[in-house]
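Read through the structure below, which is laid out as structure tokens, and then see the notes.
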Amino acid sequence: FGADPNDSDSDNDGLPDGWEASGGLDLLSDDASDDLDLDGFSNEEEFVAATNPGDATSGPSAVYVDDDGSFIGTGIYADPFPYIQWGIDEAVSGERIVVLPGNYDTVKDRNLDTGGKAIMIKSVGGAGLTIINCKSMGRGFICDSGENTNTIIEGFTIKNAINGGLHISNASPEIADCIIEDNEGGGAVLYESSALFENCVFLNNASNGVNADANSDLAFNNCTFYGNATNGIYCDVDSQVALQNCIVWSNSLTLRDTGD
């Protein structure tokens with residue numbers, strides 16, 4: 001394999017050479033954060049769980065969703081649910097819902113209610129390949145049951161929603177690696193929230209990219225706000241936002257704060 005026989009971790013990625021070799025990983029490249037078998041778990045997570053990084057059927061416990069799944073799917077990798085809401089309903093707190101690439105545009109793929117669960121809802125193909133298309137008939141995700149940053153939504157495009165692509169009230173989930181675009185009523189609408197946004201794009205939303213209301217205290221890291229119809233970010237009385245490494249440009253207004 002070209003690895004150093006005197007070094008048990010030739011690429012210094014935290015994964016032993018023997019384990020990498022047995023799972024078909026590259027001993028000379030840092031691939032700890034990669035997902036060889038596309039099961040929604042990184043190679044490092046598979047090492048910790050003592051599962052095979054080259055076999056998606058052997059991964060840690062998760063609920064799987066595929067828009068091509070069977071109507072009688074059971075939610076396992078080999079027999080996924082066809083709808084995201086079914087996956088959310090099946091999962092228990094602490095579990096991961098892994099969503100395969102596809103166009104999710106049915107009634108059970110909008111107004112997705114996380115129900116206060118501490119769950120991760122993660123796509124394996126990323127936002128470019130995993131589309132939640134609300135067809136102007138509802139919102140994307142709803143978090144209004146006290147969720148905190150143990151509720152994570154990662155890797156989706158959320159588009160064509162009404163009343164906001166994300167509706168977050170009295171909850172503070174983490175939203176990561178999402179594209180929130182072409183939504184009526186704003187990209188994300190938040191009330192009394194301390195949500196965290198990482199690596200998200202708010203694009204071409206009617207009204208505001210983000211609407212922060214009612215004592216919200218939001219954090220945005222590495223986010224972009226572009227082409228939104230009114231404000232990139234609207235911050236109402238007693239709310240505030242913290243921006244780090246963000247780009248806010250070519251919105252009708254950049255940032256509006258109605259507080260003192």
Side-chain angles (χ1 to χ4, degrees), residues 1-66 69 73-81 84 87-88 90-102 114 117-130 147-157 172-179 196-201 219-223 244-246:
F1 297 101
D4 183 350
N6 297 312
D7 189 343
S8 63
D9 183 10
S10 298
D11 52 12
N12 296 313
D13 63 358
L15 305 178
D17 286 348
W19 186 83
E20 291 201 62
S22 67
L25 302 181
D26 187 343
L27 278 64
L28 301 179
S29 175
D30 184 348
D31 49 9
S33 63
D34 295 346
D35 180 5
L36 178 65
D37 55 10
L38 298 178
D39 64 351
F41 293 87
S42 71
N43 298 328
E44 182 178 20
E45 288 174 318
E46 299 241 28
F47 172 67
V48 171
T51 54
N52 186 345
D55 180 2
T57 63
S58 79
S61 175
V63 178
Y64 287 88
V65 178
D66 187 347
T74 59
I76 63 173
Y77 182 85
D79 189 25
F81 289 128
I84 298 174
I88 294 171
E90 177 72 12
V92 298
S93 286
E95 201 162 23
R96 183 172 304 186
I97 301 156
V98 178
V99 182
L100 277 68
T114 51
K117 296 180 179 180
I119 52 177
M120 172 183 276
I121 308 168
K122 177 181 180 178
S123 76
V124 293
L129 297 176
T130 317
E147 293 87 347
N148 59 28
T149 50
N150 290 317
T151 299
I152 301 170
I153 297 167
E154 179 179 328
F156 297 92
T157 291
S172 301
E174 178 180 341
I175 314 297
D177 302 320
C178 287
I179 300 171
L196 170 63
F197 292 83
E198 300 262 11
N199 305 311
C200 291
V201 177
F220 297 88
N221 299 327
N222 303 308
C223 293
Q244 182 174 3
N245 298 324
C246 291

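Nearest heavy atom pair, residue Ser93 against residue Ala118, reads OG-N, 3.3 Å. Across every non-hydrogen atom of Val65 and Ile97, the tightest pair is CG2-CG2, 4.0 Å. The two residues Tyr77 and Pro80 have their closest heavy-atom pair at O-CD, 3.7 Å. Across all their heavy atoms, Pro60 and Thr51 have their closest contact at CD-OG1, 3.7 Å. Annotation for Phe156 and Glu154: closest pair CE1-O, 3.3 Å, computed over non-hydrogen atoms. Heavy atoms only, all atoms of each residue included: Ser123 and Gly126 are closest at OG-N, 3.1 Å.
With contacts defined as side-chain heavy-atom distances shorter than 4.5 Å, the pair Glu20/Asp11 qualifies. Residues Leu25 and Pro53 form a side-chain contact, since some pair of their non-hydrogen atoms from C-beta on lies under 4.5 Å apart. Here the side chains of Cys178 and Cys200 are in contact, with some heavy-atom distance below 4.5 Å. Using a 4.5 Å heavy-atom cutoff, the side chains of Thr149 and Thr151 are not in contact. Between Leu196 and Asn221, the closest side-chain pair of non-hydrogen atoms falls below 4.5 Å. Using a 4.5 Å heavy-atom cutoff, the side chains of Val124 and Val98 are in contact. Considering only heavy atoms from C-beta on, Leu15 comes within 4.5 Å of Asp31 through its side chain.
Below 30°, between 30° and 60°, or above 60°: for Phe197 and Phe220 the angle between ring planes is below 30°, a parallel geometry.
The backbone N or O of Gly14 sits less than 3.5 Å from a side-chain atom of Asp9, completing a donor-acceptor pair. Side chain of Lys122 to backbone of Arg96: no donor-acceptor contact under 3.5 angstrom is found. Counting only distance, with no hydrogens or angles, the side chain of Asn52 and the backbone of Gly54 share a donor-acceptor pair below 3.5 Å.
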- Item | side chain to side chain contact (heavy atoms under 4.5 Å, CB included) assessment of Asp39 paired with Glu46 | CA-CA 10 Å; Asp39 64 351; Glu46 299 241 28; 2.5 Å; yes

- Message: Could you go through Ile121 and Val99, starting from their C-alpha distance and side-chain angles, then the distance that decides it, and tell me whether this counts as side chain to side chain contact (heavy atoms under 4.5 Å, CB included)?
- Response: CA-CA 7 Å; Ile121 308 168; Val99 182; 4.2 Å; yes

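Considering CZ of Phe41 and OG of Ser58, their distance stands at 11.0 Å, rounded to 0.5 Å. Summarising the geometry, atom CG belonging to Asp26 is positioned 5.5 Å from atom CG belonging to Leu28; distances are rounded to the nearest 0.5 Å. Atoms CG and OG, from Leu27 and Ser10 in turn, are 6.0 Å apart once rounded to the nearest 0.5 Å. Rounding to the nearest 0.5 angstrom, the gap separating the CG atom in Asn150 from the OG atom in Ser172 is 11.5 Å. Rounded to the nearest 0.5 Å, atoms CG (Asp37) and CG (Asn43) are 7.5 Å apart. Residue Asp177 holds its CG atom at 10.0 Å from CG of Asn222, rounded to the nearest 0.5 Å.
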